[in-house]
Structure formats: C-alpha cells, structure tokens
Colleague: 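I have a structure I would like to understand better, so I am pasting it below and will then ask my questions one at a time.
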Amino acid sequence: MIGSLRKPLALALLLALAACGQSSPPASTSAPAKPVAAPVATADSVGIPECDEYLTKYQACVESKVPEAARGALKQSIDQTRAAWRTAAGNPGGKEGLAAACKQARDASKTAMAAYGCTDM
C-alpha cells in the first residue's frame, strides 16, 4: 500500500519540477481572472492554495487513519514533497506549473487514500 501512495507524490514532484523549467503559459483570450488573495504563509505552507490544501488533507489522513506501521514512511514522503514544492514555488514560472501538479497529485492519490477511509481529498 505504501508503494501505491508514493507513486502519486513522486509523480506530482516530477510534474512540479518539470513545470519549473517551462516558460510562462500563453495568454488566455477568456475574461480576466479574478484576483486571488495570497495564502497566509505558515511554517508548513508551500504558498500555493492547491498544494497547501492537498498536503493538509493528505497529512490529516495519514495521521488519523493510516496504520501506525505505515505512517513514518508516508510522513517522510509528505515532508520531502512539501520541501520540494516550496523550492519549486520559489523558481520563476514554478507557481503556475505547481498549482496544476498539485491538482494532479490530489486526483492521483484519491483512490489510494480512499483505501484508508479518507474521502476528503
């Protein structure tokens, strides 16, 4: 089960790092986006709402529903992912790609985390 949880996090990390090397996305012809308030940074914050929400929910699931024997490896994986995403968010163009990568990580982890009874991913 742990291996199946590491894959979504590894995929998200790779997507985030790949996004850091991308140029800015093309201009959209749709209506301008509404301004989004900047998230309040905390010690654990990545600074990107999609990422912070995903990591918060993932960590809550791990801490409350994952058997103790598997928690250590998953907590370590969460910490590594959070650190990598913070680094990626600090790179030019990183925030844009990282938001999408975090959404993909959330979607990819839903099935694996549902096995533990976590349905709020």
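Just so we're clear, the structure is a prediction, and the values are computed from it rather than from any experiment.
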Colleague: After noting the C-alpha distance and the side-chain angles of Tyr58 and Thr81, does the key distance pass the side-chain contact (heavy atoms from CB on, under 4.5 Å) rule?
Modeller: CA-CA 11 Å; Tyr58 193 97; Thr81 299; over 6 Å; no
Colleague: Once rounded to the nearest 0.5 Å, what's the spacing between atom CG of Asp79 and atom CD of Gln59?
Modeller: 7.0 Å
Colleague: Could you pull out the closest heavy-atom pair between Val46 and Asp52, with the gap in Å?
Modeller: N-OD1, 2.5 Å
Colleague: Atom OG in Ser45, atom CZ in Arg86: separation rounded to 0.5 Å?
Modeller: 7.5 Å
Colleague: Which atoms form the tightest heavy-atom contact between Leu55 and Arg82, and what is the distance?
Modeller: CB-NH2, 3.5 Å
Colleague: Return yes if some donor-acceptor pair links the side-chain N/O of Lys65 with the main-chain N/O of Gly117 below 3.5 Å, else return no.
Modeller: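 It does hold such a pair.
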Colleague: Which atom names give the shortest non-hydrogen contact between Cys61 and Met113, and what distance separates them?
Modeller: SG-CE, 3.2 Å
Colleague: Tell me every residue that passes side-chain contact (heavy atoms from CB on, under 4.5 Å) with Glu53, counting only those two or more places apart in sequence or in another chain.
Modeller: Lys57
Colleague: side-chain contact (heavy atoms from CB on, under 4.5 Å), that's the test. Do Tyr54 and Met121 meet it? Break it down for me.
Modeller: CA-CA 7 Å; Tyr54 167 69; Met121 295 298 295; 3.9 Å; yes
Colleague: Looking at NZ of Lys75 and CD of Gln80, how far apart are the two atoms once the value is rounded to the nearest 0.5 Å?
Modeller: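 Between atom NZ of Lys75 and atom CD of Gln80 there are 14.5 Å.
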Colleague: How about Tyr116 and Pro67: do any of their side-chain heavy atoms sit closer than 4.5 Å?
Modeller: yes
